[in-house]
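First up is the structure itself, then whatever we jot down about it.
Both backbone and side-chain heavy atoms feed into the values below; hydrogens, waters and symmetry mates do not.
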Amino acid sequence: NQRIDFLFPAENSLVAGSSDGLIPISSGSTAEATTKLNIVARKAIEDGSNGSSPVKVDNTAIYIDFTNRKTRSFSYDLLTEKFKAPNLNLANMDLTIAGLRYAVSKKDDYNYFYVLLEDGTMLIAEFIADENINGWAVVRTSVGEIKEAISIPRGDGFEDLIISLYWNS
């Protein structure tokens, strides 16, 4: 009974997210379009979000869960015919001790996404879903703290990452 924090377009469905879980909304069939007569919405994942919007990386929705410590990749597993949301930073929980604020992605030749932490640092993560690859790096500045990050479209179909810093001097 939580309010909806975000709606995210996924393959063959629309995903509603809240701190209570993730709910795919569809017709219940990949062969049938969703209409007001056949709509199906059932909670698929118990690990809810922290309220920030997910980002799309490698055809997967990346979101920060309600603990503010884990990034999860929400997708449908064809083998088990179920939705899944594994913890992407399971081996790197030490990096998220400060707490995660939100994620940003940018369209380019790489599968990177960026996560801002509560302490003003940023994490860069690479994610390749098909090969189950993800790697993390920490970005710190010696002159201040990272306040915000956004992606801005360019004319060539790619995006640039714009970061705002709070200068400590």
Quiz item: Among the clusters formed by ILVMFWY side chains lying less than 4.5 Å apart, do V57 and F83 turn up in the same one?
Solution: no
Practice problem: Determine, stepwise, if the pair L88 / I62 fulfils side-chain contact (heavy atoms from CB on, under 4.5 Å). | Solution: CA-CA 9 Å; L88 293 181; I62 307 290; 3.5 Å; yes
Quiz item: Are V55 and L117 connected in a single hydrophobic cluster, I mean Ile/Leu/Val/Met/Phe/Trp/Tyr linked by side-chain heavy atoms less than 4.5 Å apart?
Solution: yes
Quiz item: Counting only N and O atoms by type, is there a donor-acceptor contact under 3.5 Å from the side chain of T35 to the main-chain atoms of L37?
Solution: yes
Practice problem: Quick one: closest heavy-atom pair of I163 and L161, and the distance? | Solution: CD1-CD2, 4.0 Å
Quiz item: Applying the 4.5 Å side-chain criterion to the ILVMFWY set and letting contacts propagate, would L7 and I45 be lumped into a single cluster?
Solution: no
Quiz item: Can you hop from L100 to I124 via hydrophobic side chains spaced under 4.5 Å?
Solution: no
Practice problem: To the nearest 0.5 angstrom, please state how far the CE atom of M122 sits from the CG atom of L116. | Solution: 4.5 Å
Quiz item: So, do D108 and E159 sit near enough that their side-chain heavy atoms are less than 4.5 Å apart?
Solution: no
Exercise. Work out which heavy atom in R72 is nearest to a heavy atom in N87; give both atom names and the distance.
Key: NH1-N, 3.6 Å
Quiz prompt | Atom pair NZ (K84) and CG (L79), whose distance is rounded to the nearest 0.5 Å | solution = 8.0 Å
Practice problem: Over all heavy atoms of both residues, which pair between E118 and A98 is shortest? Give the atoms and the distance, please. | Solution: CB-O, 3.3 Å
Quiz item: With side chains defined as the heavy atoms from C-beta onward, is the minimum distance between F74 and P54 less than 4.5 Å?
Solution: no
Quiz item: Quick one: do the T96 and R69 side chains pair a donor with an acceptor below 3.5 Å?
Solution: yes
Quiz item: Does CZ belonging to R154 count more than 12 external heavy atoms closer than 6.0 Å?
Solution: yes
Exercise. Could you tell me which non-hydrogen atom of I146 sits nearest to which non-hydrogen atom of T141, and how far apart they are?
Key: CG1-CG2, 4.2 Å
Quiz prompt | Under 3.5 Å: donor-acceptor pair, side chain of N38, backbone of A33 | solution = yes
Quiz prompt | Exceeds 12 heavy-atom contacts within 6.0 angstrom, atom CZ of F158 | solution = yes
Quiz item: How many angstroms lie between atom CG of N68 and atom OG of S52, to the nearest 0.5 angstrom?
Solution: 8.0 Å
Self-check item: Rounded distance (nearest 0.5 Å) linking atom CG of D160 with atom CD1 of I150
Solution: 10.5 Å
Practice problem: Could you tell me whether the side chain of Y76 and the main chain of E81 form a donor-acceptor pair under 3.5 Å? | Solution: yes
Self-check item: Flag side-chain contact, heavy atom, 4.5 Å: Y102 against E148
Solution: yes
Exercise. Answer whether the closest heavy-atom distance between the side chains of L95 and N89 falls below 4.5 Å.
Key: no
Quiz item: Rounded to the nearest 0.5 Å, how far does NZ of K70 lie from CG of L90?
Solution: 8.0 Å
Quiz item: Can any side-chain N or O of S151 pair as donor or acceptor with the backbone N or O of S105 at less than 3.5 Å?
Solution: yes
Practice problem: Apply the side chain to side chain contact (heavy atoms under 4.5 Å, CB included) test between L123 and each candidate in W136, F113, Y114; give the one that qualifies. | Solution: W136
Quiz item: Can a donor-acceptor pair be found between the side chains of S18 and D20 at a distance below 3.5 Å?
Solution: no
Quiz item: Taking the side chain from E145 and the backbone from Y166, do they hold a donor-acceptor pair closer than 3.5 Å?
Solution: no
Quiz item: Under a single-linkage definition using a 4.5 Å side-chain heavy-atom cutoff for Ile, Leu, Val, Met, Phe, Trp and Tyr, are V104 and Y110 assigned to the same hydrophobic cluster?
Solution: yes
Quiz item: Checking R101 side chain against K147 main chain: does a donor-acceptor pair fall under 3.5 Å?
Solution: yes
Self-check item: Minimal non-hydrogen separation, T60 against S73, with atom names
Solution: CG2-CB, 3.4 Å
Quiz prompt | N/O donor-acceptor pair under 3.5 Å between T34 side chain and S27 backbone | solution = yes
Quiz item: With a 4.5 Å heavy-atom cut-off, do Y63 and L22 have their side chains touching?
Solution: yes
Exercise. Considering non-hydrogen atoms only, spot the tightest contact between S19 and D5 and give its length.
Key: N-OD2, 3.5 Å
